[in-house]
Each structure stands twice: as structure tokens, then as C-alpha cells.
Amino acid sequence: MDAPLSPASPATLPTVAVVGLGTMGTGIAEVLARAGREVIGIDVNEAAAAQAVAALEASTARAVRRERLTEDERRDVLARFRTFTDLQAAADADLVIEVAPESYEIKQQIFRELDTVVRPETILATGTNALSVTRLAADSARPERVLGLHFFNPAPAMKLVEVVSSVLTAPTAVAAVTDLAVELGKEPVAVGDRPGFVADGLLFGYLNQAAAMYEAKYASREDIDAAMKLGCGLPMGPLALLDLIGIDTARTVLEAMYAESRDRLHAPAPVLKQLSEAGLTGRKSGRGFYTYTEPGSSEVVRDALTPLTGEVVADTRTIRSVGVAGSGTMASGIAEVFAKAGYDVVLAARSEEKAEKAKSRIGKSLSRSVDKGRMTAEAAAQTLDRITAAGSYDAFSDVDLALEAVAEDLEIKQQLFATFDKVCKPGAVLATTTSSLPVVACARATSRPQDVIGMHFFNPAPAMKLVEVVRTVLTGDDVHATVREVCAKIGKHPVDCGDRAGFIVNALLFPYLNNAIKMVQEHYATLDDIDAAMKLGGGYPMGPFELLDVVGLDVSLAIEKVLHREFRDPGLAPAPLLEHLVAAGCLGRKTGRGFREYARR
């Protein structure tokens, strides 16, 4: 992606030195040069400096081909970038950005040398995302001019820049680099000095939990990655992202975070150490969690852990008709999905009126699909005709699959499964859509626990592709195989997981949301800055507070409590701020107020 050009005569920090011309340093140099700055690139390795020049030549040539730069502008950009192997070249810089390896010794040596080279007013910025800016500043001759300037990779494309102040940083220095970030076309976010800052502080805890989940053999790497992409709309799964970042880099960041927080969620999963020490650091080495065609490649190749496709694991049961219990949005959405796929559906609720209302909701949904050209009016009518509304679960007497989507209350679900046990024919598959309750507790309410399984759909069910398939220790192989086959027939992507709190998605998503709340609670960053950081720096479709208000703070708190009760990790305890808001009735968009206020409809 090409960075926008700023005016040719920049007012803020016109000459910038970049120390360290690896991928990140080269990207930052390109952003600066294309925004009209004189850029002094410094690297002790002549080959790295030459490679940085070649990279800038190549990227600006692409920009000319795409008519985003003229040839004259390209020549000007290239002329503004000069490379050197000695820090003395930074003598005339208004700002120095250090992007050396994540080592205090290396960075401190660079800062000590720069103290003897640069002018007294020159600002010194570190690009670290794991080390203490305060510690680096304290070793400097003028700590008030030292701060953090954390770009994200790839720097030309990523909009976020975290501006990191220590207790020693002068406000004038912060103001100058903030203005620079804006002039570069970036979105600056002001943060305090702690490992990981905002974006990486939230991201790496989540990545660590995913690595631990994989290490525990709870789910396969493919299923963990697919679950987070399809369930949360993330651009990459966590294990693939760890391979891209570098497993050694992730371990370094987590070690720094854990040293500060002592939160077990930040203690690096042992698998990260094992892979790092074996040299399996991800894409750059050709192998990490996945195997790649060659070092530096993004192309994944089959290895010993790659699942076989089309393998028949067990006999399956025939599913022609489906019973859906419930009358809410999830129940009607699931009924619509099955009816669209050609199944006969019985939609049953506690009263005929509730069931008819749910069927009416499906009719409106199908009409919207017709209006948008996604299906014909005839297909919509046929789909609706396949759905029978019923006011009693006795109507499930002949269904092949009975699936409940009622309130997230274990007692209610157990009573419903006892009813399924009485009314459903022998051999029917009995499924729960619970997102947080133990599936086995539902199974034990029946005389046929081998027939019970979890099918966790995501809202809205017609749009969301993911289904978490949750086996208990009692679930039959044929039931598991049947449900996976059914998922394929209704156009959903099944991921396998065991019967423990949160399954895959919620177990990884909600600790991340809880940590975001803790950041606000501790006055470390604002709601807006955290949401911006995760959207711009992490590629998330929604910021954590936007998402919390959509999900509902009461729902979020209930899931946090279940996770904390199951795993008994102090780091999973719900943030007090979340509990206070729920107690005050501020539940998110549905009440008009959560972390933010919303206009009443």
C-alpha cells in the first residue's frame, strides 16, 4: 500500500534519522521520505543499508506503475533517502528513530552514542514494543527528549502509531512527534510506558492463550485459526499471526509483559520457548506452528500435522428433519439456515404464538434476501414452507436432530434435554447451542448421553460461517461425524473442541476484552484510543469496547465469570469496572448505555 504524500516543505521535524534498516526501519524510512522528510538511514551492516535502498526503489517503482507517484516525485523521494554505517551521520537530525533488535544492551549503547552526536534539542525515539522506554530514557544524558514511537508492520500500510511517554518525557517532545505522525497520514495514540503498550499489550496476551490452547491439544492449529477468523472476523488466526510476527519476537514481548504484570496470562506458553530454541521461529525460518515452502515464504505446505481431507472417521446417521427449540434470534436464525439447506424444520417454543412470531421473523429475513437479489421469491417461499411452527416439544417426536437455542441457563437447558429424551425417537442426535455451559451436564439429563453434542452457532446464524462442534467424553463417534457432515451440508465450517468453558472463540476473546477494560480502569488509555489501536494496529473489525457494547455487558460478565470459575486463574477475574456497569444497568446498546451512550430508538 502506498503512503500519502505530504507537502514538500514539512514544518515538523524535517530531518529524521532511522537507526536499524531491517523490515521495520526500512518501512519507516519509506513513509518519512515519501512525506517530504530528509531521511538518514543508518545500519552497521552495509548489506542491510543497500537492501533498504533497493526496497525503496522497488516500492516507488510500483507506485509509479500504479500512477500514485510521477517519475519526478519518485526521483525526489529516492534523493531524500541516504544511507550510512556510522551514527555520526545523525548529527543534523531533528529526530532519531531507533529500530534496533529488542535488547536493552544494544539500544542503550545506541542512545549513549547518540548523546555525543546529536544536538541538545534533538528528539530520540525508540521503536521498541517490549522494553521500558523509561529505563532507556533514564540512561540518556537528556531523558526529557526520549520517548517511544511504535509503528506497526508494514509501516507504509498500517495507520497506527503509538506515542509512548515516560514520566521523564517533555510535553513538547510528545507534541512534536504527534504532529509528525499526523503529517505522515498516521493515527497517533498517546500511551504510557508499559510493555506491549496498548495494541501489543492486548494482542500478545491473546496470542499466548492461543499457543497454550494448542499446546494442551485442546484443538488443532487449523481449527483455532479458523475459529478466530470466522467467529471474530479477524484477518488472520492467532497461530498463523505468531508465525508472521516471529515466535522468538513474541516470546521476548511476553517475557517483558510478564516481568511487569506477573499475570499468568502473559507468562509465555512453554511451546513458544521450545519452538524458539529449536530455531522454528515462524515464516522467517520456514517453519513455526506451520511449515512453509521456504524461509520468508507465506505459502503453507502440508506437514505431519496437516489433517487429511475427505477422511471418513465413523459411520454417520441420516439427518432429514431438524427440530429447533426456542423463539429468539438465534433459534430463528438456525431454523432459517437448515430450511435454506433443504431440511424440514420444526420450530418449537413454549407457545404457538411465540413459535409463529419466530417463523414470521424468518419470513422477514428471507424477504430481505429476495430484495437484495440473494435468492428468488420462489426459493424464499419454498424455504418458509419447510418450517413448521409448533407450541409444544412433542412435535419433535420424529426429527433426526433436535437442537436447543433457549436461554443460557443450565437448569432450563437440563429440563429441556430431559424433555428431548422423552419425546425424541431413538437414534436422534440431541444438540445444544450453549456458548459457555458444560455440554456434558445437558447430556447427563438424558438416558442417552452418547447422542448429545454441542453445536455452537454464532450470531447472526445465517451470516456467520463458524460452528464449534463440542464433544463430551460421552459423545459417540457416529454423532460427532454426523454433526460435522451436517455442518458441511448447511454451508458452515465446523471446528472441533472439547467440553470446557468458552470452547475456542470465547475462551480467547473474552480475556482479551477483560484486559482492555482493565486498561481503562487503570487510566492507562481511553476507550477511543484502545478501540482505534486494535482496529488500526490489529486489524480487528471492531474495537473491544464497541464489541462489548454490542454483545451486552451482562452477557460478557456471565462468560467472564464462567471462564474464571473453570480455569481459576486470577487474571481471568472479571474487571470490577465491568461488574459496576452491569450492576448499574448499563448493559450496552440494548439499554442505550454501556461503555458509551447511544441514541434511544
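Predicted, not measured: the structure shown is a model, and the values here were computed from it. Position 1 is the first residue of the sequence; numbering continues from there.
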With no hydrogens and no angle check, is any side-chain donor or acceptor of [X] less than 3.5 Å from a backbone partner on [Y]?
X: Gln414; Y: Ala441; answer: yes
X: Lys357; Y: Ser327; answer: no
X: Glu468; Y: Val505; answer: yes
X: Asn208; Y: Ala267; answer: yes
X: Glu356; Y: Ala389; answer: no
X: Asp225; Y: Ala240; answer: yes
X: Thr433; Y: Phe457; answer: no
X: Arg448; Y: Asp421; answer: yes
X: Arg589; Y: Tyr598; answer: no

How about [X] and [Y]: do any of their side-chain heavy atoms sit closer than 4.5 Å?
X: Val483; Y: Val467; answer: no
X: Asp531; Y: Phe595; answer: no
X: Val473; Y: Asp499; answer: no
X: Ile319; Y: Lys489; answer: no
X: Asp400; Y: Tyr343; answer: no
X: Arg287; Y: Asp303; answer: no
X: Thr446; Y: Asp451; answer: no
X: Leu280; Y: Ile247; answer: no

Would you compute the distance between atom [atom1] of [X] and atom [atom2] of [Y] and round it to the nearest 0.5 angstrom?
X: Ile334; Y: Thr329; atom1: CD1; atom2: OG1; result: 11.0 Å
X: Glu222; Y: Leu305; atom1: CD; atom2: CG; result: 7.5 Å
X: Asn514; Y: His564; atom1: CG; atom2: NE2; result: 9.5 Å
X: Leu347; Y: Glu336; atom1: CG; atom2: CD; result: 11.5 Å
X: Leu366; Y: Thr383; atom1: CG; atom2: OG1; result: 5.5 Å
X: Asp394; Y: Thr419; atom1: CG; atom2: OG1; result: 9.0 Å

Salt-bridge contact [X]-[Y] (side-chain N to carboxylate O under 4.0 Å):
X: Asp477; Y: Arg471; result: yes
X: Arg320; Y: Asp344; result: no
X: Asp243; Y: Arg221; result: no
X: Asp554; Y: Lys590; result: yes
X: Glu404; Y: Lys413; result: yes

Self-check item: Ser321/Arg386 under side-chain hydrogen bond (donor to acceptor under 3.5 Å, both in side chains): CA gap, chis, key distance, verdict
Solution: CA-CA 10 Å; Ser321 59; Arg386 290 191 198 104; over 6 Å; no
Self-check item: Chi angles and distances behind the side-chain contact (heavy atoms from CB on, under 4.5 Å) call for Phe545, Val520
Solution: CA-CA 10 Å; Phe545 297 100; Val520 168; 3.4 Å; yes
Quiz item: Could you go step by step and tell me if Val253 and Ile245 meet the side-chain contact (heavy atoms from CB on, under 4.5 Å) rule?
Solution: CA-CA 11 Å; Val253 174; Ile245 291 167; over 6 Å; no
Exercise. Give me the ring orientation class for Tyr290 and Tyr292: parallel if the planes are under 30° apart, tilted from 30 to 60°, perpendicular past 60°.
Key: perpendicular
Quiz item: Between Tyr206 and Tyr512, what is the ring plane arrangement, given parallel below 30°, perpendicular above 60°, and tilted in between?
Solution: tilted
Quiz prompt | Worked verdict on Ser435 versus Glu408 for side-chain contact (heavy atoms from CB on, under 4.5 Å) | solution = CA-CA 8 Å; Ser435 63; Glu408 195 72 345; 3.3 Å; yes
Is [X] atom [atom1] crowded by more than 12 heavy atoms from other residues, nucleotides or ligands, each under 6.0 Å away?
X: Glu353; atom1: CD; answer: no
X: Lys425; atom1: NZ; answer: yes
X: Arg568; atom1: CZ; answer: no

Self-check item: Distance-minimising heavy-atom pair for Ser332 and Arg361
Solution: OG-NH1, 3.1 Å
Self-check item: Pair His480-Asp496, side-chain contact (heavy atoms from CB on, under 4.5 Å): steps then yes or no
Solution: CA-CA 9 Å; His480 173 246; Asp496 285 332; 2.8 Å; yes
Practice problem: Can you spot which of Val495, Asp223, Ile453 makes a side chain to side chain contact (heavy atoms under 4.5 Å, CB included) with Val469? | Solution: Ile453
Quiz item: Under the salt bridge (Lys or Arg N to Asp or Glu O under 4.0 Å) criterion, do Lys364 and Asp371 qualify, and how do the steps go?
Solution: CA-CA 10 Å; Lys364 290 174 184 173; Asp371 292 342; over 6 Å; no
